[in-house]
Chemist: 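What follows is a structure written as structure tokens; I'll ask about it next.
Naming convention: chains lettered A, B, ... in sequence-line order (proteins, then strands); numbering from 1 in each chain.
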Amino acid sequence: MPEYTAPRGTRDILPSETPKWQYLESVFRDICALCDYKEIRTPTFEHTELFTRNLGETTDVVSKEMYTFISRGNKSLTLRPEGTAPVIRAYVQHNLGAGLPVNKLYYIGRSFRYERPQAGRYREHTQLGVEALGSADPAIDAEVISLAAHFFKTVGVKQFELQLNSIGCPECRPAYRKALVVFAEAKVDKLCATCATRYEQNPLRMLDCKVPECKALLVGAPKMSDHLCEDCSGHFAKVQGYLTKFGIDFILDPSLVRGFDYYTKTAFEFVSGELGAQNAIGGGGRYDNLVREVGGSETPGIGFGLGLDRLAMTLDLLGVELPVRDGITAFVAGLGEVGHEAAVELVRSLRMEGIPTDMDYTGRSLKAQMKVANKLKARYVVILGEDEIRAVVATVRDMKTSEQNSVPMMDLAKALKGA
RNA sequence: GCGGGAGUAGCUCAGGUGGUUAGAGCGCCAGGUUGUGGCCCUGGAGGCCGUGGGUUCAAGUCCCAUUUCUCGCCCCA
């Protein structure tokens with residue numbers, strides 16, 4: 001083991017992997033542009049209260065997974081554990097709502113959570129997400145969900161499950177909550193320890209419990225969908241209607257409860273069977289009160305986030321070949337001192353012509369330079385020796401066909417460009 | 001926070017019951033061509049056997065601790 005390794009739960013994305021990541025990010029940017037979402041970049045850390053007050057004190061993330069530290073100014077700061085709250089903070093701080101009726105934003109950034117690492121779960125992970133602020137129209141719920149589905153399909157995840165639920169609003173959720181508590185009251189001492197806590201603090205999360213006994217006990221529990229107020233049930237019906245029209249399959253999952261307290265109405269998750277236990281590749285929901293809670297005016301919103309790490313892993317498992325560009329156009333091999341000097345200049349001028357070019361800087365033999373060129377997947381090797389320099393030409397070898405011919409220096413860039 | 005598996009060359013892994021200079025394949029470097037890649041042949045470099053302690057005449061091998069990775073619980077992306 002080397003003396004220094006990447007900290008637990010973090011990892012290096014090496015040059016062999018980064019083209020894939022760049023490709024995924026660029027597809028995401030393209031689709032966002034297509035749907036008119038604009039990029040926003042927010043700080044890596046925020047004031048701790050932004051998260052503690054808005055994600056929910058009792059959520060796992062806030063209660064035990066945040067990277068919180070006291071800065072020199074004696075302020076408590078936290079590395080962002082999720083992407084939405086910072087975007088909302090920026091939206092409110094800069095009063096973006098005053099400029100446009102609906103602000104459609106996207107971000108690509110790292111999130112940090114102190115969790116036990118396992119397959120598809122890291123302490124630092126990259127999240128891509130969108131937030132649409134300013135509209136309560138169910139059509140925008142459908143837009144956000146379809147943007148996500150579009151993205152997954154475009155990059156090659158053809159099979160996924162879209163789980164959908166509505167978790168109501170402050171109008172109807174308290175009544176539902178009460179119904180659930182009444183239902184669970186008699187069984188609370190048979191529930192698992194965490195569910196007993198949930199019963200007290202956040203009963204809805206009991207629905208989400210994976211312990212078989214709890215699941216069994218909660219069979220027949222009242223469903224949120226039966227308790228939605230008129231507004232929420234109408235909204236939910238319309239979202240489903242749009243998704244159906246869009247041809248996006250979904251599964252209604254009454255037990256789907258998201259991890260943060262700010263969600264209202266629509267909640268959804270994208271699940272892929274390829275991954276292990278960490279099978280959620282993306283998710284999101286509506287948060288009609290979050291902007292006000294962060295200090296802005298009454299502004300409805302909806303968003304979703306997806307984990308790039310998990311997506312990359314899913315694509316690997318699926319064996320999806322991404323159209324990543326690799327290899328250079330030209331490798332210039334210089335022979336001897338004179339050849340090397342000439343190569344330095346030629347490489348520079350080919351690059352100025354926009355031709356991806358590289359050369360050797362370790363004084364290797366021609367044979368060794370050819371091997372390097374091959375490894376770099378160079379389309380052509382341009383050989384410069386004394387003979388070529390004297391004749392003001394270059395020997396150009398086509399590495400695919402092994403054909404080789406002499407090209408006047410003047411025509412070289414043009415010849416390589418046409419390739 | 002809890003439980004299972006694992007840590008030997010850059011990578012993937014061998015190294016019965018403890019016993020001399022720790023091996024292979026791939027990769028890397030060089031040679032087989034006075035200036036030519038992929039295939040092949042030959043040679044070479046490269047290991048505090050995760051770390052610390054213990055048992056022993058002797059530890060990669062046994063014991064303990066620790067750390068990292070890994071898989072699962074929980075939660076989520």
Side-chain angles (χ1 to χ4, degrees), chain A residues 1-11 14 16 55 58-65 80-84 108-129 148 152 192-195 197-198 202 205 208-212 214 256-260 269-272 275-284 304-314 331 333-336 338-339 360 362 364-389 395-404:
Chain A
M1 268 294 126
E3 186 175 359
Y4 298 110
T5 56
R8 185 168 171 73
T10 69
R11 61 191 182 139
L14 300 175
S16 55
L55 307 193
T58 62
T59 60
D60 282 26
V61 167
V62 168
S63 61
K64 54 190 186 198
E65 295 174 359
R80 63 167 171 242
E82 58 100 49
T84 300
I108 297 178
R110 312 278 192 136
S111 291
F112 306 84
R113 289 180 203 172
Y114 190 89
E115 297 178 276
R116 189 78 183 262
Q118 72 185 69
R121 189 169 77 186
Y122 302 94
R123 289 181 172 179
E124 176 181 22
H125 76 275
T126 300
Q127 196 163 325
L128 317 185
F152 287 131
C192 71
T194 33
C195 278
T197 316
R198 286 169 175 154
N202 195 349
R205 291 214 64 83
D208 211 28
C209 189
K210 308 294 189 295
V211 178
C214 294
L256 175 65
V257 183
R258 300 239 73 216
F260 303 127
E269 241 165 65
F270 288 88
V271 172
S272 165
L275 296 163
Q278 312 304 316
N279 60 1
I281 50 176
F304 96 98
L306 70 98
L308 196 47
D309 306 72
R310 282 187 193 173
L311 178 62
M313 184 181 287
T314 304
F331 184 92
L335 285 159
V338 197
D360 170 59
T362 59
R364 290 175 189 229
S365 67
L366 178 59
K367 182 189 173 98
Q369 292 190 62
M370 294 297 293
K371 289 179 104 164
V372 172
N374 194 51
K375 214 174 299 170
L376 295 177
K377 297 183 180 143
R379 187 64 228 285
Y380 296 98
V381 173
V382 178
I383 299 167
L384 290 181
E386 284 178 32
D387 299 349
E388 284 84 358
I389 292 167
T395 298
V396 176
R397 181 179 179 86
D398 184 322
M399 295 296 273
K400 262 194 198 133
T401 63
S402 298
E403 281 167 20
Q404 203 164 293

Chemist: Do side-chain atoms of A:Gln369 reach the backbone of A:Gly334 as a donor and acceptor pair under 3.5 angstrom?
Modeler: yes
Chemist: Could you list the residues that satisfy side-chain contact (heavy atoms from CB on, under 4.5 Å) with A:Glu82, not counting sequence neighbours?
Modeler: A:Phe51, A:Leu55, A:Thr84, A:Ala85, A:Pro86, A:Arg113, A:Phe260, A:Tyr262
Chemist: Name all stems that contain residues of RNA chain B, defined as runs of 3 or more consecutive Watson-Crick or G-U wobble pairs, both distances under 3.5 Å.
Modeler: B:1-7 with B:67-73, B:10-13 with B:23-26, B:28-32 with B:40-44, B:50-54 with B:62-66
Chemist: Would you mind classifying the nucleic acid contact of A:Leu335 as base, sugar-phosphate or nothing, using non-hydrogen atoms under 4.0 angstrom?
Modeler: base
Chemist: Name all pairs fulfilling the salt bridge (charged side-chain N to carboxylate O under 4.0 Å, His left out) condition that reach into residues 366-378 of chain A, sequence neighbours left out, sorted by first residue then second.
Modeler: A:Asp326-A:Lys377
Chemist: Counting side-chain heavy atoms from CB outward, which of B:G35, B:G37, B:A77 is closest to A:Tyr122?
Modeler: B:A77
Chemist: Evaluate A:Glu115 against A:Arg123 for salt bridge (charged side-chain N to carboxylate O under 4.0 Å, His left out), listing each step before the verdict.
Modeler: CA-CA 6 Å; A:Glu115 297 178 276; A:Arg123 289 181 172 179; over 6 Å; no
Chemist: If the condition is salt bridge (Lys or Arg N to Asp or Glu O under 4.0 Å), which residues does A:Arg11 pass it with, not counting sequence neighbours?
Modeler: A:Asp309
Chemist: So, using ring-ring contact (aromatic ring centres under 6.0 Å, His included) as the criterion, who are the partners of A:Tyr122 when residues are at least two apart?
Modeler: none
Chemist: Tabulate atom names and distances for all N/O pairs under 3.5 angstrom spanning the protein and nucleotides 28-30 of chain B.
Modeler:
residue	atom	partner	partner atom	Å
B:C28	OP1	A:Lys375	NZ	2.8
B:C29	OP1	A:Arg364	NH1	2.9

Chemist: Can you tell me how far P of B:U70 sits from CZ of A:Arg11, to the nearest Å?
Modeler: 9 Å
Chemist: Applying side-chain contact (heavy atoms from CB on, under 4.5 Å), name anything that partners A:Ile389, two or more places apart in sequence or on another chain.
Modeler: A:Val338, A:Ala342
Chemist: So what does A:Ile383 hit on the nucleic acid, given a heavy-atom distance under 4.0 Å: a base, only sugar-phosphate, or nothing?
Modeler: base
Chemist: Please identify each residue that fulfils salt bridge (Lys or Arg N to Asp or Glu O under 4.0 Å) with A:Glu388, with sequence neighbours left out.
Modeler: none
Chemist: Can you find a donor-acceptor pair, distance only, under 3.5 Å between A:Arg116 side chain and B:G1 base?
Modeler: no
Chemist: Expressed in angstrom and rounded to an integer, what is the separation of A:Phe331 atom CZ from B:G35 atom P?
Modeler: 17 Å
Chemist: Would you mind classifying the nucleic acid contact of A:Glu124 as base, sugar-phosphate or nothing, using non-hydrogen atoms under 4.0 angstrom?
Modeler: nothing
Chemist: At 4.0 Å (heavy atoms only), tell me whether A:Gly9 reaches a base, stays on the sugar-phosphate, or touches nothing.
Modeler: sugar-phosphate
Chemist: Nearest to the side chain of A:Arg258 - B:A77, B:U36, B:C73?
Modeler: B:A77
Chemist: Does the base of B:U36 carry an N or O that pairs as donor and acceptor with the side chain of A:Gln369 under 3.5 Å?
Modeler: no
Chemist: Checking A:Arg397 now: which residues fulfil salt bridge (Lys or Arg N to Asp or Glu O under 4.0 Å) with it, not counting sequence neighbours?
Modeler: none
Chemist: Tell me every residue that passes salt bridge (Lys or Arg N to Asp or Glu O under 4.0 Å) with A:Arg8, counting only those two or more places apart in sequence or in another chain.
Modeler: none
Chemist: For A:Glu386 and B:U34, what is the distance between atoms CD and P respectively, to the nearest whole Å?
Modeler: 16 Å
Chemist: Classify the side chain of A:Gln118 versus the base of B:C74 as yes if they form a donor-acceptor pair under 3.5 Å and no if they do not.
Modeler: yes
Chemist: Answer with base, sugar-phosphate or nothing: what part of the nucleic acid does A:Arg205 contact at a heavy-atom distance below 4.0 Å?
Modeler: sugar-phosphate
Chemist: Can you find a donor-acceptor pair, distance only, under 3.5 Å between A:Arg121 side chain and B:C71 base?
Modeler: no
Chemist: Looking at A:Arg205 and A:Thr59, would you say the former's side chain and the latter's main chain have a donor-acceptor pair under 3.5 Å?
Modeler: no
Chemist: Please report, rounded to the nearest Å, how far the P atom of B:U36 is from the CG atom of A:Leu376.
Modeler: 19 Å
Chemist: For nucleotides 42-49 of chain B, tabulate all protein N/O to nucleotide N/O atom pairs closer than 3.5 Å, reporting atom names and distance.
Modeler:
none

Chemist: Just to verify, what does A:Asp398 make a side-chain contact (heavy atoms from CB on, under 4.5 Å) with, not counting sequence neighbours?
Modeler: A:Arg379, A:Tyr380, A:Lys400, A:Thr401
Chemist: So, is A:Lys64 near the phosphate of B:G1, with a side-chain N or O under 4.0 Å from OP1 or OP2?
Modeler: no
